[in-house]
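Per chain, numbering begins at 1; letters A, B, ... match sequence-line order. The model shown is predicted, which means the values in this text are computed figures rather than measured ones.
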Amino acid sequence: MLRMRSGCPFLERTRPGPLPGSRRRRGTLCGVPAALPELLVPWFDEHARDLPWRRPGTTPWGVLVSEFMLQQTPVSRVAPIWVEWLRRWPRPSDLASAGQADVLRAWGKLGYPRRALRLHAAATAIAEVHADRVPDDLDALLALPGVGPYTARAVLAFGYRRRAAVVDTNIRRVIARAVHGAGDAGPARTAADLADADALLPADDPTAARFSAALMELGACVCTARRPRCATCPVRQRCAWQAAGRPAYTGPVKPAQRFTGTDRQVRGRLLDVLRDAPGPVTRAALDAAWHDAGQRDRCVLSLLDDRLVEQFADGRFALPGESGPSGAAGSGPSDRP
DNA sequence: GACTCGTGGTT
DNA sequence: TAACCAAGAGT
């Protein structure tokens with residue numbers, strides 16, 4: 001049974017009967033909450049940030065690249081890298097033709113460099129399997145490496161202007177507050193989160209796509225995690241969290257993620273050495289990157305395992321695909337640890 | 001479902 | 001200033 005929570009203005013039905021395809025299970029909103037799109041889309045028309053991947057002429061490929069880069073990485077750091085990538089590799093086949101070492105260097109310090117390899121692999125698949133056109137089909141997108149539930153739907157919505165429920169950290173937070181009246185989203189409930197987001201979407205494709213972008217923008221710029229700017233929020237009058245007196249988040253607290261001293265820091269240091277080097281480096285060069293030999297070796301192994309690093313028969317290390325010692329037979333990357 | 005995977009700006 | 005946070009995906 002779906003129960004209307006008190007003070008939840010977006011749960012008002014705007015159509016008399018059940019909607020086609022709507023299911024009345026827990027976590028699904030009943031009816032179309034029309035107020036949210038009508039408030040948010042005009043606000044977005046006026047306040048949307050001028051991000052490079054939102055400019056006219058951006059292709060679905062450009063959108064896909066932006067979504068890869070934006071996975072867990074702030075807009076301000078992605079923007080300049082995205083511009084350079086799209087200038088250098090304007091089509092999937094252009095990226096597919098590049099070497100992995102060049103791709104990893106162009107990725108720079110965006111973080112999570114496995115994303116760069118996955119994007120390269122996705123570009124290869126798009127070029128070879130999809131005739132160099134980014135798929136506009138959900139399952140085909142999900143089959144691409146590095147493309148998960150969020151990115152696949154984001155490409156549909158922002159690349160093809162289709163009605164697709166995108167669920168990211170921003171939208172989860174906005175829904176938690178404006179719709180459910182909670183202080184924050186809490187742990188992901190994938191199916192229910194998707195149903196919530198879908199229930200908010202207007203029926204037609206372009207408006208739904210625009211609305212999804214507006215929801216994310218609201219979460220990124222107004223309904224922020226730390227200090228939400230409720231005074232300037234276009235949804236304030238209809239926000240369940242406001243109506244409830246902005247109660248504090250009460251759900252489980254996720255343990256703070258550390259970085260200093262972790263394998264992630266060590267891997268980052270090691271990769272940084274290889275990115276900055278013009279070619280293969282000796283083990284001694286990597287030794288200088290981290291003091292703890294045991295942890296260092298473990299991280300080198302994991303980088304080799306992730307195909308972010310290669311080792312040559314002469315013992316030296318390099319980014320994948322980088323040319324090894326010249327003229328020496330059998331000097332290519334070794335599969336041995 | 002809990003962990004892991006980079007990096008740097010903000011509070 | 002240490003902690004929090006940022007358009008998630010893969011295992």
From CD1 of A/Ile81 across to P of B/dT7 the rounded distance in Å is 13 Å

Starting at atom CG of A/Leu117, determine the distance to atom P of B/dC5, rounded to an integer number of angstrom.
-> 15 Å

Value in whole Å for how far the P atom of B/dT7 lies from CG of A/Asp263 | 13 Å

With a 4.0 Å cut-off on heavy atoms, is A/Leu110 in touch with a base, just the backbone sugar-phosphate, or nothing at all?
-> base

Contact class for A/Trp53 vs. all strands (heavy atom < 4.0 Å): base, sugar-phosphate, or nothing?
-> base

Would you mind reading off the distance between A/Arg264 atom CZ and B/dT7 atom C1', rounded to a whole angstrom?
-> 10 Å

Is A/Arg298 touching bases, backbone alone, or none of the nucleic acid, heavy atoms closer than 4.0 Å?
-> nothing

Can you name the atoms? Protein N/O to nucleotides 8-11 of chain B N/O, anything below 3.5 Å, with the distance.
residue, atom, partner, partner atom, Å
B/dT11, O4', A/Arg226, NH1, 3.1

Of A/Leu144 and A/Pro255, whose nearest nucleotide on DNA chain C comes first from the 5' end?
-> A/Pro255

Here the distance between atom P of B/dT4 and atom CZ of A/Arg267, to the nearest Å, is 12 Å

Are the charged groups of A/Arg91 and A/Asp94 less than 4.0 angstrom apart, N to O?
-> yes

Under 3.5 Å, which donor-acceptor pairs do the side chains of residues 144-151 of chain A form with other protein atoms, sequence neighbours left out?
residue, atom, partner, partner atom, Å
A/Tyr150, OH, A/Glu67, OE1, 2.8
A/Thr151, OG1, A/Gln71, NE2, 3.0

Which part of the nucleic acid, if any, lies within contact of A/Thr151, taking any heavy atom under 4.0 Å across all strands shown: a base, the sugar-phosphate backbone alone, or nothing?
-> sugar-phosphate

For A/Arg49, answer base if it contacts any base atom (sugar-phosphate contacts may also be present), sugar-phosphate if it contacts only those atoms, and nothing otherwise; contact means non-hydrogen atoms under 4.0 Å.
-> base

For atom C1', what is the distance between C/dA7 and B/dA2, given to the nearest Å?
-> 23 Å

For the ring-ring contact (aromatic ring centres under 6.0 Å, His included) test, which of A/Trp89, A/Trp82, A/Phe68, A/Trp85 pairs with A/Trp107?
-> A/Trp85

Run the side chain to side chain donor-acceptor pair (under 3.5 Å) check on A/Ser212 and A/Arg153 step by step: do they pass?
-> CA-CA 10 Å; A/Ser212 290; A/Arg153 290 177 174 80; over 6 Å; no

Which atom pairs, one a donor and one an acceptor, fall under 3.5 Å between side chains of residues 197-210 of chain A and the rest of the protein, sequence neighbours left out?
residue, atom, partner, partner atom, Å
A/Asp198, OD1, A/Arg163, NH1, 3.2
A/Asp204, OD1, A/Thr207, OG1, 2.9
A/Asp204, OD2, A/Thr207, N, 3.2
A/Asp204, OD2, A/Thr207, OG1, 2.8
A/Asp205, OD1, A/Arg163, N, 2.7
A/Arg210, NE, A/Asp45, OD1, 3.1
A/Arg210, NH2, A/Asp45, OD1, 2.9

Candidate pair A/Met69 and A/Trp53, rule side chain to side chain contact (heavy atoms under 4.5 Å, CB included), full reasoning = CA-CA 11 Å; A/Met69 292 180 170; A/Trp53 45 89; over 6 Å; no

For A/Leu51, answer base if it contacts any base atom (sugar-phosphate contacts may also be present), sugar-phosphate if it contacts only those atoms, and nothing otherwise; contact means non-hydrogen atoms under 4.0 Å.
-> base

Mind calculating the distance between CG (A/Leu303) and C1' (B/dT4) to the nearest angstrom?
-> 13 Å

Looking across every strand, which nucleic acid part, if any, lies under 4.0 Å from A/Thr262 by heavy atom: base, sugar-phosphate, or nothing?
-> nothing

Assign A/Val78 to base, sugar-phosphate, or nothing according to its heavy-atom contacts below 4.0 angstrom with the strands shown.
-> nothing

Can you name the nearest heavy-atom pair linking A/Ala244 to A/Pro247, along with the distance?
-> O-CD, 3.7 Å

Answer with base, sugar-phosphate or nothing: what part of the nucleic acid does A/Gly111 contact at a heavy-atom distance below 4.0 Å?
-> base

Determine the contact category for A/Pro187: base if any of its heavy atoms lies under 4.0 Å from a base atom, sugar-phosphate if only primed atoms, P, OP1 or OP2 are that close, otherwise nothing.
-> nothing

DNA chain B: 5'-proximal contact among A/Thr190 and A/Arg275 (nearest heavy atom) = A/Thr190

Can you tell me which residue pairs pass the salt bridge (charged side-chain N to carboxylate O under 4.0 Å, His left out) test with a partner in residues 165-187 of chain A, sequence neighbours excluded?
-> A/Arg172-A/Asp193

Between A/Glu217 and A/Arg54, does at least one N-O distance fall below 4.0 Å, as a salt bridge requires?
-> yes

Have a look at A/Arg153 and say if it touches a base, only the backbone sugar-phosphate, or nothing, with a 4.0 Å heavy-atom cut-off.
-> nothing

For the pair made of CG in A/Asp306 and P in B/dC5, what is the distance, rounded to whole Å?
-> 9 Å

Under 4.0 Å between any heavy atoms, over every strand shown, what does A/Ala154 touch: base, sugar-phosphate, or nothing? Just pick one.
-> nothing

Which atoms form the tightest heavy-atom contact between A/Thr73 and A/Val78, and what is the distance?
-> CG2-CG2, 3.8 Å

DNA chain C: first to last nucleotide in contact with chain A (atom under 4.0 angstrom from a heavy atom), 5' to 3', is C/dA3 to C/dG10

How would you list all residue pairs meeting salt bridge (charged side-chain N to carboxylate O under 4.0 Å, His left out) that involve residues 76-86 of chain A, not counting sequence neighbours?
-> A/Glu84-A/Arg87

Nucleotide B/dG6, atom C1' - distance to CZ of A/Arg258 in whole Å = 17 Å

